[in-house]
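Quick notes on the structure that follows.
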Amino acid sequence: MAAAIKIAPSILSADFARLGDEVRAIDKAGCDYVHIDVMDGHFVPNLTFGPPVIKDIRPVTRKVFDVHLMINPAQPHLQAYADAGADIITVHVEADAHLDRSLQMIKGMGKKAGVSLNPSTPANAIEHVIDKVDLVLVMSVNPGFGGQSFIPSQVEKIRRIRAMIGRRPIDLEVDGGINAKTAKLVTAAGANVLVAGSAVFNGGDYADAIAALRKAAGGKAAAKSPRKSRRSVRR
Ligand code: DX5
Ligand code: ZN
């Protein structure tokens, strides 16, 4: 598909002692979104940070803050994330008995609304909210930790959700175990936003890592070099 590929480094893999500098560095390195993983130690077996940290890193960059809420309940906290500077707020279908209402609330706050599915959740769990979202986030690992291996069964789910999206202007984002190899697989299946934690932060130069993912996915930047672009698109 022709849509530009967006790269969303996950700051879960950043050095939290230097978080502002890390965000500045991925901005300079050419990221599209800053992926922000919020975990509550309840919905997922890990705990990260909340609105005050997001508020403190907000002035560091103008890039899109893509806030992935792995918290249950999410609804009572949506306003705090909107106020902290989120641009996209994504909630999990498994963590919300009133998903439709949460999505409406996020939109009502003037933010983009996302819905995320765990690996065991079928694609059709979101079919009745598809017209209310700006982004669908397919988890290709069980959420909670960076550095896990990609779950191959999610490729078919990505394909199904891309078909469900049709011509709607909805981002299809994939999160977990994304590297050059899996980036190719998921973009071929219809994903256009790639979250990458370890592939960006644990790989040395951030700009090289982001460019390598973009190139593997056959994204826009690769088109600057037509020869390479053609090769990577064809696989
Ligand atoms: C997992 C998080 C991911 C994670 C991805 O629960 O939602 O964003 O940081 O990390 P990698 O790219 O290392 O799998
Ligand atoms: Zn995430």
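Indexing begins at 1, ligand by ligand and atom by atom, following the structure's order. The chain is numbered in sequence order, starting from 1. Keep in mind that this is a model prediction, so the values were computed, not measured.
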Any [X] side-chain heavy atom under 4.5 Å of [Y] side chain:
{"X": "Ser140", "Y": "Val186", "value": "no"}
{"X": "Val67", "Y": "Leu69", "value": "yes"}
{"X": "Leu194", "Y": "Ile5", "value": "yes"}

Which atoms from ligand 1 have a heavy atom of [X] less than 4.0 Å away?
{"X": "His68", "answer": "7 (O)"}
{"X": "His35", "answer": "8 (O)"}
{"X": "Met139", "answer": "7 (O)"}
{"X": "Gly176", "answer": "14 (O)"}
{"X": "Val195", "answer": "8 (O)"}
{"X": "Met70", "answer": "6 (O), 7 (O)"}
{"X": "Ser198", "answer": "11 (P), 12 (O), 13 (O)"}
{"X": "Met39", "answer": "6 (O)"}

Self-check item: N/O separation below 3.5 Å, Asn142 to ligand 1
Solution: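 For ligand 1, there is no N or O atom that lies under 3.5 Å from one belonging to Asn142.
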Indicate whether the side chain of [X] and that of [Y] have a donor and an acceptor atom separated by less than 3.5 Å.
{"X": "Lys157", "Y": "Gln154", "result": "yes"}
{"X": "Asp87", "Y": "Tyr33", "result": "no"}
{"X": "Asp40", "Y": "Asn72", "result": "no"}
{"X": "Asp37", "Y": "Ser10", "result": "yes"}
{"X": "Asp175", "Y": "His68", "result": "yes"}
{"X": "Asn179", "Y": "Thr182", "result": "yes"}

Quiz prompt | Any Phe145 heavy atom less than 4.0 Å from ligand 1 | solution =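 Yes, that is the case, since the closest heavy atom of the residue is under 4.0 Å from the ligand.
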Quiz item: Can you tell me if Gly144 has a non-hydrogen atom under 4.0 Å from ligand 1?
Solution: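 For ligand 1, residue contact (heavy atoms, under 4.0 Å) with Gly144 is present.
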Measure the distance from [atom] to every protein heavy atom, then report the residue, atom name and distance (to 0.1 Å) of the closest one.
{"atom": "atom 9 (O) of ligand 1", "answer": "Ser10 OG, 3.0 Å"}
{"atom": "atom 10 (O) of ligand 1", "answer": "Gly146 CA, 3.5 Å"}
{"atom": "atom 3 (C) of ligand 1", "answer": "Asp175 OD1, 2.8 Å"}

Quiz item: Please state the angle at the Zn ion (ligand 2) spanned by NE2 of His35 and OD1 of Asp37: what is it, rounded to 10 degrees?
Solution: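 Centred on the Zn ion (ligand 2), the NE2/OD1 angle is 90° (to 10°).
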Exercise. Measuring from the Zn ion (ligand 2), name the closest N, O or S atom belonging to Asp175.
Key: OD2
Quiz item: By atom name, which N, O or S atom belonging to His68 lies closest to the Zn ion (ligand 2)?
Solution: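 Relative to the Zn ion (ligand 2), the closest nitrogen, oxygen or sulfur of His68 carries the name ND1.
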Quiz item: With no hydrogens and no angle check, is any side-chain donor or acceptor of Arg160 less than 3.5 Å from a backbone partner on Ala123?
Solution: no
Self-check item: Side chain Asp32, main chain Ile7, donor-acceptor under 3.5 Å
Solution: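 Yes.
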Self-check item: The one among Gly197, Pro143, Gly177, Ala196 that brings a heavy atom closest to atom 14 (O) of ligand 1
Solution: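 Considering heavy atoms of Gly197, Pro143, Gly177, Ala196, the nearest to atom 14 (O) of ligand 1 sits in Gly177.
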